[in-house]
Amino acid sequence: MNAVTAQPALLPRAEAHDERGLLRFITAGSVDDGKSTLIGRLLFDSKAIFADQLDAMSRAKHKRTTGDAIDLSLLTDGLEAEREQGITIDVAYRYFATPKRKFIIADTPGHEQYTRNMVTGASTADAVIILIDASKVKLGDDGVELLTQTKRHSTLARLLRIEHVVVTVNKMDLVDYDQHVYGRIVGAYRSFAKALGLTDIHPIPLCALSGDNVVTASDRLAWYQGPTLIELLESLRVVDASHAAPLRFPVQLVARHNGHAARDFRGYMGRIEAGKVQRGDTVVVQPGGRTARVKEILTFDGALESAVVGQSVTLLLDRDLDISRGDLLATADRPATLLATLTADLCWLSEEPLDMNRRYFLKHTTRHVFARVAHINTLLDIDTQRKRPADGLKLNDVADVVINVQQPLAVDAYEITRATGAFILIDEVTHQTVAAGMIRIGS
């Protein structure tokens, strides 16, 4: 039997100045595909578990293993309801490191009811591990039928522009480590991913319960010649494109002294979401449109000559302008786009369906405005990936919509800058988040 090459050659290492050593990734898939067990195995085999944690897991009341075997899923399933039911409900974050890289993992629920939790975890992820239970996939004579949640989570990964997709065909022990079964499942997923528009696909066969191909290679999968899961995760290139983007600085707070100082102080506090800022730079206030120069960049530890994406700073300008929370300071010659009508991909997250006659709060960066969904262009069918007309949205629907906002927003396309291209809709009565959106410009 010929060996299977599981993926393209690993990506070359980037230069130190444009690659980030930290990798944020999530696990996604259907219920009971083994997401929590996989993360537990990663932590256990990479020696990222303390002795007291192991002891607590061995004495856990709700245990899904036999004999003295450790239930590794308990490392992330921390809620009592999760342990009782054997399912993941909330997003659990775990940190670990290897000699080559640092990682932050988000274990997200597989149940359709908690898709909104998966969206939360995916919003900051660089990679997604799509788990497929080899024993659940229907292998018919006329083709392979992937589970709906596998398709749903892959669709959301595409909408959220997650760069790397790792497809782990789990529970290979339940299909006798059969290469033919693995090949058919991967072939079906590649066809689906191509139609979806996902390109960076890395398939791996494994068994999370016994650790086959998670951290160490397995003799039982000798026909697979690719890297183990941890080797692949260590090699994925993550480049922060936001460093090269124009400045985007949403104002969170206007800082003033107590009114008795001789020298007037007016600083604008916030976090740099894209680009960088230097003393002397000209910035434009959006949506107002007036410009000023950056006089000082202050932090708790003192003044800076420049600041970059991810830093929280206070900016002082060389002139007094009417600036308040929710305004955006941007590079003067590369401002954001001002829009009062948004075209966006919207994922409906509430059990209460969309009411197009109601208004909602729209939160974009630090700005809140009233908004209405004016029109649903198309609704995406998760199974077929076909788009069709619709006059409403219900839980977990994904649609192309038009939204009117009460005041113009300074936005970028989500695929260019996540922070200024994303928003959420909030019910003005219950204050519950009902939808998450990704703005499109020029499409």
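Just so it is clear, the values below take in all heavy atoms, side chains as well, and ignore hydrogens, waters and symmetry mates.
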K.L.:
Where do Ala410 and Gln286 come nearest, in terms of heavy atoms and distance?
P.N.:
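For Ala410 and Gln286, the tightest heavy-atom pair comes out as CB-CB, 3.8 Å.
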
K.L.:
Contact between Ile403 and Phe423 at the side-chain level, heavy atoms closer than 4.5 Å - yes or no?
P.N.:
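Yes, at least one pair of side-chain atoms sits under 4.5 Å.
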
K.L.:
Main chain of Val251, side chain of Thr366: is a donor-acceptor contact present, judged purely on distance under 3.5 Å?
P.N.:
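Between the backbone of Val251 and the side chain of Thr366 there is a qualifying donor-acceptor contact (under 3.5 Å).
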
K.L.:
Donor-acceptor check, side chain of Arg319 to backbone of Thr291, threshold 3.5 angstrom: yes or no?
P.N.:
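Present.
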
K.L.:
Using side-chain hydrogen bond (donor to acceptor under 3.5 Å, both in side chains), reason through Glu234 and Thr98 one step at a time and then give a plain yes or no.
P.N.:
CA-CA 8 Å; Glu234 288 176 335; Thr98 67; 2.7 Å; yes

K.L.:
Could you check whether any side-chain N or O of Thr299 sits under 3.5 Å from a backbone N or O of Gly302, counting only pairs where one atom can act as donor and the other as acceptor?
P.N.:
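Yes, because the side chain of Thr299 sits within donor-acceptor range (under 3.5 Å) of the backbone of Gly302.
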
K.L.:
Does the distance from a Lys or Arg side-chain N to an Asp or Glu carboxylate O, for Lys171 and Asp133, drop under 4.0 Å?
P.N.:
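Here Lys171 pairs with Asp133 in a salt bridge, since their nearest N and O are under 4.0 Å apart.
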
K.L.:
Taking all non-hydrogen atoms of both residues into account, name the closest pair between Leu346 and Val401 and its distance.
P.N.:
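That would be CB-CG2, 3.9 Å.
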
K.L.:
May I ask you to check whether Ser350 and Gln432 show a side-chain donor-acceptor distance below 3.5 Å?
P.N.:
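Result is no, nothing qualifies.
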
K.L.:
Under 3.5 Å, is there a donor-acceptor pair between the side chain of Arg325 and the main chain of Val254?
P.N.:
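No, Arg325 side chain to Val254 backbone: no donor-acceptor pair under 3.5 Å.
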
K.L.:
Output the distance between atom CZ (Arg94) and atom CD1 (Ile105), rounded to the nearest 0.5 Å.
P.N.:
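With rounding to 0.5 Å, CZ (Arg94) is 9.0 Å from CD1 (Ile105).
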
K.L.:
Counting only heavy atoms not in Lys136 (residues, nucleotides, ligands), do more than 12 fall under 6.0 Å from its NZ?
P.N.:
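Count over threshold, so yes.
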
K.L.:
Salt-bridged, Glu305 to Arg279, with N to O below 4.0 Å?
P.N.:
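A salt bridge is present here (some side-chain N lies under 4.0 Å from a carboxylate O).
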
K.L.:
Quick check against the 3.5 Å criterion: does Arg266 have a side-chain atom that pairs as donor or acceptor with the backbone of Leu317?
P.N.:
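Checking the backbone N and O of Leu317 against the side chain of Arg266, no donor-acceptor pair under 3.5 Å is found.
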
K.L.:
Contact between Val405 and Thr341 at the side-chain level, heavy atoms closer than 4.5 Å - yes or no?
P.N.:
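Heavy-atom side-chain distance check fails, nothing below 4.5 Å.
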
K.L.:
Roughly how far, to the nearest 0.5 Å, is CD of Gln149 from OG of Ser154?
P.N.:
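Here the rounded value is 10.0 Å.
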
K.L.:
Side chain to side chain contact (heavy atoms under 4.5 Å, CB included) for Leu316 and Val294? Distances and angles first, verdict last.
P.N.:
CA-CA 6 Å; Leu316 275 65; Val294 177; over 6 Å; no

K.L.:
So Trp348 and Leu354, do their side chains get closer than 4.5 Å, heavy atoms only?
P.N.:
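Heavy-atom side-chain distance check passes, below 4.5 Å.
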
K.L.:
Hey, is Arg358 close enough to Asp427 for a salt bridge, meaning N to O under 4.0 Å?
P.N.:
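Salt bridge present between Arg358 and Asp427.
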
K.L.:
Is the shortest side-chain heavy-atom distance between Arg367 and Pro250 below 4.5 Å?
P.N.:
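No; the side chains remain at least 4.5 Å from each other.
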
K.L.:
So does Asn357 get a backbone contact from the side chain of Arg372, meaning a donor-acceptor N/O pair under 3.5 Å?
P.N.:
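Side chain of Arg372 to backbone of Asn357: a pair is present.
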
K.L.:
Does the pair Arg271 and Gln311 meet the rule for a side chain to side chain contact (heavy atoms under 4.5 Å, CB included), with working shown?
P.N.:
CA-CA 6 Å; Arg271 182 180 185 271; Gln311 287 185 276; over 6 Å; no

K.L.:
State, to 0.1 Å, how close Leu23 and Ala127 come at their nearest heavy-atom pair, and which atoms those are.
P.N.:
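Between these two residues, the closest heavy atoms are CD1-CB, 4.4 Å.
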
K.L.:
At their closest point, which heavy atom of Glu428 faces which heavy atom of His431, and how far apart are they?
P.N.:
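Reported closest heavy-atom pair: O-NE2, 3.7 Å.
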
K.L.:
Checking side-chain contact (heavy atoms from CB on, under 4.5 Å) between Val411 and each of Leu328, Leu338, Thr365, Leu339, which is the one that passes?
P.N.:
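That would be Leu339; it is the only one of Leu328, Leu338, Thr365, Leu339 passing the side-chain contact (heavy atoms from CB on, under 4.5 Å) with Val411.
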
K.L.:
Out of curiosity, Ile132 CD1 to Asn170 CG, how far, rounded to the nearest 0.5 Å?
P.N.:
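So the CD1 of Ile132 and the CG of Asn170 are separated by 10.0 Å.
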
K.L.:
Under a 3.5 Å threshold, yes or no: a donor from one side chain and an acceptor from the other, between Gln385 and Thr155?
P.N.:
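Yes, because at least one side-chain N or O of Gln385 sits under 3.5 Å from a partner of the opposite role on Thr155.
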
K.L.:
Where do Phe265 and Leu298 land on the side chain to side chain contact (heavy atoms under 4.5 Å, CB included) test, with the steps shown first?
P.N.:
CA-CA 12 Å; Phe265 180 91; Leu298 302 180; 3.8 Å; yes

K.L.:
Any side-chain heavy atom of Ile130 sitting closer than 4.5 Å to one from Tyr189?
P.N.:
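Result yes, sub-4.5 Å side-chain heavy-atom pair found.
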
K.L.:
I'd like to know whether the aromatic ring centres of Phe370 and Phe361 sit less than 6.0 Å apart in this structure.
P.N.:
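Yes, they do, as the ring centres are separated by less than 6.0 Å.
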
K.L.:
Could you tell me whether the side chain of Val402 reaches within less than 4.5 Å of the side chain of Leu342, counting heavy atoms only?
P.N.:
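The answer is no; the side chains never approach within 4.5 Å.
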
K.L.:
Keeping the roles fixed (side chain from His164, backbone from Arg237), state whether a donor-acceptor pair exists under 3.5 Å.
P.N.:
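Yes; judged by distance alone, with no hydrogens or angles, the pair exists.
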
K.L.:
What I'd like to find out is whether the side chain of Tyr268 reaches to under 4.5 Å of the side chain of Val285, using heavy atoms alone.
P.N.:
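Result no, sub-4.5 Å side-chain heavy-atom pair not found.
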
K.L.:
Can you tell me if Asp126 uses its side chain to pair, donor with acceptor, with the backbone of Arg24 under 3.5 Å?
P.N.:
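Yes: the side chain of Asp126 pairs with the backbone of Arg24.
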
K.L.:
Ignoring hydrogens, what is the shortest heavy-atom contact between Leu393 and Ala399? Give both atom names and the distance.
P.N.:
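So the minimum-distance heavy-atom pair works out to CD2-CB, 3.5 Å.
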
K.L.:
What heavy-atom pair brings Asp281 and Gln278 nearest, and what distance separates the two atoms?
P.N.:
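Reported closest heavy-atom pair: OD2-N, 2.8 Å.
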
K.L.:
State the CG-NZ distance between Asp381 and Lys151, to the nearest 0.5 angstrom.
P.N.:
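With rounding to 0.5 Å, CG (Asp381) is 8.5 Å from NZ (Lys151).
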
K.L.:
Check the angle between the aromatic planes of Phe103 and Phe25 and answer parallel, tilted or perpendicular using the 30° and 60° thresholds.
P.N.:
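Perpendicular, since the angle between the ring planes exceeds 60°.
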
K.L.:
Among Arg161, Arg440, Lys387, Arg158, exactly one meets salt bridge (charged side-chain N to carboxylate O under 4.0 Å, His left out) together with Asp345. Which residue is that?
P.N.:
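Going through Arg161, Arg440, Lys387, Arg158 one by one, the salt bridge (charged side-chain N to carboxylate O under 4.0 Å, His left out) with Asp345 is satisfied by Arg440 alone.
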
K.L.:
Examine distances only and state if a side-chain atom of Arg248 and a backbone atom of Thr420 form a donor-acceptor pair shorter than 3.5 Å.
P.N.:
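A pair under 3.5 Å: no.
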
K.L.:
When rounded to the nearest 0.5 angstrom, what is the spacing between CD1 in Ile382 and NE2 in His153?
P.N.:
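Here the rounded value is 10.0 Å.
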
K.L.:
Quickly, which of Thr37, Leu38, Thr228 forms a side-chain contact (heavy atoms from CB on, under 4.5 Å) with Val214? Name it, please.
P.N.:
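Answer to the side-chain contact (heavy atoms from CB on, under 4.5 Å) test with Val214 among Thr37, Leu38, Thr228: Leu38.
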
K.L.:
Using atom types as modelled and distance alone, determine if a side-chain donor or acceptor of Arg152 lies under 3.5 Å from a backbone N or O of Asn396.
P.N.:
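Such a contact is found between Arg152 side chain and Asn396 backbone.
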
K.L.:
With the side chain counted from C-beta on, respond yes when Lys102 and Tyr95 share a heavy-atom pair under 4.5 Å apart, and no when they do not.
P.N.:
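Yes - at least one pair of side-chain heavy atoms lies under 4.5 Å apart.
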
K.L.:
Atom CZ of Arg101 and atom OG of Ser235: how far apart are they, to the nearest 0.5 Å?
P.N.:
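The OG atom of Ser235 is 7.5 Å from CZ of Arg101, to the nearest 0.5 Å.
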
K.L.:
Could you walk me through whether Ile439 and His364 satisfy the side chain to side chain contact (heavy atoms under 4.5 Å, CB included) test, starting with their C-alpha distance in whole Å, then the side-chain angles of each, then the deciding distance to 0.1 Å, before giving a yes or no?
P.N.:
CA-CA 11 Å; Ile439 297 170; His364 173 261; 4.3 Å; yes

